[in-house]
Amino acid sequence: MIKRVVDFFGDEEYARQRRRLFYLVLVLIAIADFLVSREHAEYLWDRLPGWSAVYGFGSCVLLIFVSKFLGHQGGLMRREDYYD
Amino acid sequence: MTDLIHPGLIFILGALPIPLLSGSIRKAYLLLIPALAILAVLAMQPGSYGEMQFIGQEVLIAKVDKLSIVFATVFTIMALIGTVYALHLPHADQHVAAFVYVGSALGVVFAGDYLTLYLFWEGMAFASAYLVFAQGGRQAVAAGFRYLMVHITGGVALLGGIILHGLATGSLLFGPIEGGMGVGAYLILAGFLLNAAVPPLNAWLTDAYPEATVTGAVFMSAFTTKTAVYVLARAFPGTELLVWLGTAMALYGVIYAVLENDCRRLLAYHIVSQVGYMVAGVGIGTEMAVNGATGHAFAHILYKALLFMGAGAVIYVTGRRKLTELGGLYKTMPMTVALYMVGAFAISAFPFFSGFVTKSMVVAAAGQDHRALVVLALTMASSGTFLHTGLKLPYYMFFGTDQKLEAREPPGNMLVAMGMAAVLCIAIGVFPQMLYALLPYPVDFEPYTGVHVTESLGVLMFTALGFVLFLKALDPENTISLDTDWFYRKGARVFMWIAEKPLARYEKAVSDVSETAALPFLHGAARAGLRIDLTGVDAIVNGVARSILRGGGALRRLQTGVVTHYVLAMIVGVIAAVAVFAVAWR
């Protein structure tokens, strides 16, 4: 059973199903975020449905590119024999 | 020690017979000790134990309250899991070191005064360093030395702080630092922050943990940083500086994790990131925040150990640790993949996993304390956490390009240990009340509200979307990342250059002067001295010298030059000291 689940996420033959499932989940989460009650909103963004999706995506992209920028242009990434 | 069985002593004294046992008797014994320690923690009653006077100072061996019990509970559970994971190891020395390490961590958790705390603090440093040395090889030994050096330096700062603080306040009892922050308090804080791996004092962790043995790294991931969180929560709750250090640390870890190619070093950067939540929680200092920090430490120990066990299993089976050299293992290691993913979901704070009910408590406490920036930064770090431990690492380790590696599932005991941790990660997520009941303050927090669930899923799944879209940008690269260890790794080279070039020249100049000017005078004085010496002193000295020579010969045979022997000797010394201490104390 576990092997089949793991295979589903690895095998090439399920690639299309995987992608469909993934987009379906994204859509469902986005819809659900519009439906839940927001009584205790403390901050402005708490009142915006869909904020978390935008923020999550933005954070991810920002982290990838800022880090890679620091790594390549900022000189943090070095050859493996740097200290030898 | 009226009616308290100190779980730390169970481990430290319990470590002694390990080398004498073998086969399945040893295995049973190894499991018995953590099991006994868990029972000892369960049987504990809050109170003060082992009060006495030592060099004119009040010493309190064990102070038991809710905060120390939570940490002791998870430490002993973790020790059991780690021991199961290491059960196949034939090396008694590594088991001994691990037990002394756990025992020392427990000693810190119950320490009621700074002297006891310091003693166990150093014990932890030496015992854990052994787990790095035990890996063997130039790289590991070098990293182990750096680890030890940094921790000894931190220990000196701590000891200096303890003495100054003791002189200023007249008491060495360990508790919240009251009044103004003096030099002593800052030194103590620095010693604690070093062990919590707060940047810029973080590099020892990411330098050494990936070099440790497969099983040793699992222990290390659990104890050092979390004892530091404990002592911070005890001594410095509500220190504003910690809020910002913790928040910066949470992001620092995830930024470096993007760059990392070594699977366990990537996970080590996530320790830095996750401990950031705890440090920030301690800094906020409200009841909810300290609860959150404590609860998160509890959950973190279990899921981080699970992740280290998963990565360790891959290293154990394939002998490879770089993401650029791994891939396609899901076919041969499905159980490892599944168990690792439980840890990944827990650290990423998916609903029904442990991180969801603890991490959000810290974030919510920051929100209640009107710290919008902290909330945003910690949420961003959560996104990064899932991006690396939940997506990047498993993708390149287990899926991704098939490297056609020969692999199989790791030994059964490793899978069982991972299973134990996985069950706890899910149990805490599904029944958070169990954990909440242990926390130091009453909990008024409901993690499972509709908006919290959808927001968390939104952040996480849209992070996954970013991952899918920008997968190419995340491809691991065959590099290492410069961190603050650069200063002492390159600095040591400058030091050696100064020692070799200018200093050596200076020394030569000085010796030239002494040869031409001072020597004739010294010769005369020496001749006079010789006459006195030959007649009277010689007879006595000769006797003493002969015995020293004999002793020296014996000592020389002990000097093997093998680092692990020395460290082992130090550990034996620590055990002996504790044993003497325990006996004398009764």
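The chains referred to below are lettered A, B, ... by the order of the sequence lines, with proteins before strands, and numbering in each begins at 1.
- Neither the backbone nor the side chain of A/L28 comes within less than 4.5 Å of any heavy atom of chain B.
- Heavy-atom distances place no part of B/T449 under 4.5 Å from chain A, backbone and side chain included.
- Contact count against chain A (heavy-atom pairs under 4.5 Å) is highest for B/R493 among B/R493, B/E260, B/M341, B/M335.
- Interface residues of residues 460-468 of chain B toward chain A, defined by a heavy-atom distance below 4.5 Å and sorted by number: B/M461, B/F462, B/T463, B/A464, B/L465, B/G466, B/F467, B/V468.
- Proximity to chain B is absent for every atom of A/L35, based on heavy atoms less than 4.5 angstrom apart.
- Using a 4.5 Å cut-off between heavy atoms, A/Y55 touches chain B through its side chain atoms alone.
- Contacts of A/R78 with chain B are made by both backbone and side-chain atoms, with heavy-atom separations under 4.5 Å.
- Listed here is the closest heavy atom pair of A/I29 and B/T454: CG2-O, 4.0 Å.
- If you look at A/F65 and B/F470, their ring centroids are closer than 6.0 Å.
- Here B/E477 pairs with A/K68 in a salt bridge; the nearest charged N to carboxylate O distance falls below 4.0 Å.
- In this structure, A/Y43 places its OH atom where more than 12 heavy-atom neighbours from other residues, nucleotides or ligands lie under 6.0 Å away.
- Interface residue B/Y256: only side-chain heavy atoms are found under 4.5 Å from chain A.
- Residue A/V6 touches chain B through both its backbone and its side chain, counting heavy-atom pairs closer than 4.5 Å.
- Within the cation-pi definition used here (under 6.0 Å to the ring centroid, within 45° of the axis), A/K3 does not qualify as a partner of B/Y330.
- With a 4.5 angstrom heavy-atom cutoff, A/D11 touches chain B via backbone and side-chain atoms both.
- Proximity to chain B among residues 17-24 of chain A is limited to A/F22, A/Y23, judged by heavy-atom separations below 4.5 angstrom.
- Of the two parts of B/K392, neither the backbone nor the side chain holds a non-hydrogen atom closer than 4.5 Å to a non-hydrogen atom of chain A.
- The number of heavy atoms from other shown groups lying within 6.0 Å of CG (B/D444) does not exceed 12.
- Only the side chain of B/L387 has a heavy atom closer than 4.5 Å to any heavy atom of chain A.
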side-chain contact (heavy atoms from CB on, under 4.5 Å) between B/E455 and A/D33, worked out: CA-CA 7 Å; B/E455 278 191 348; A/D33 208 31; 4.1 Å; yes

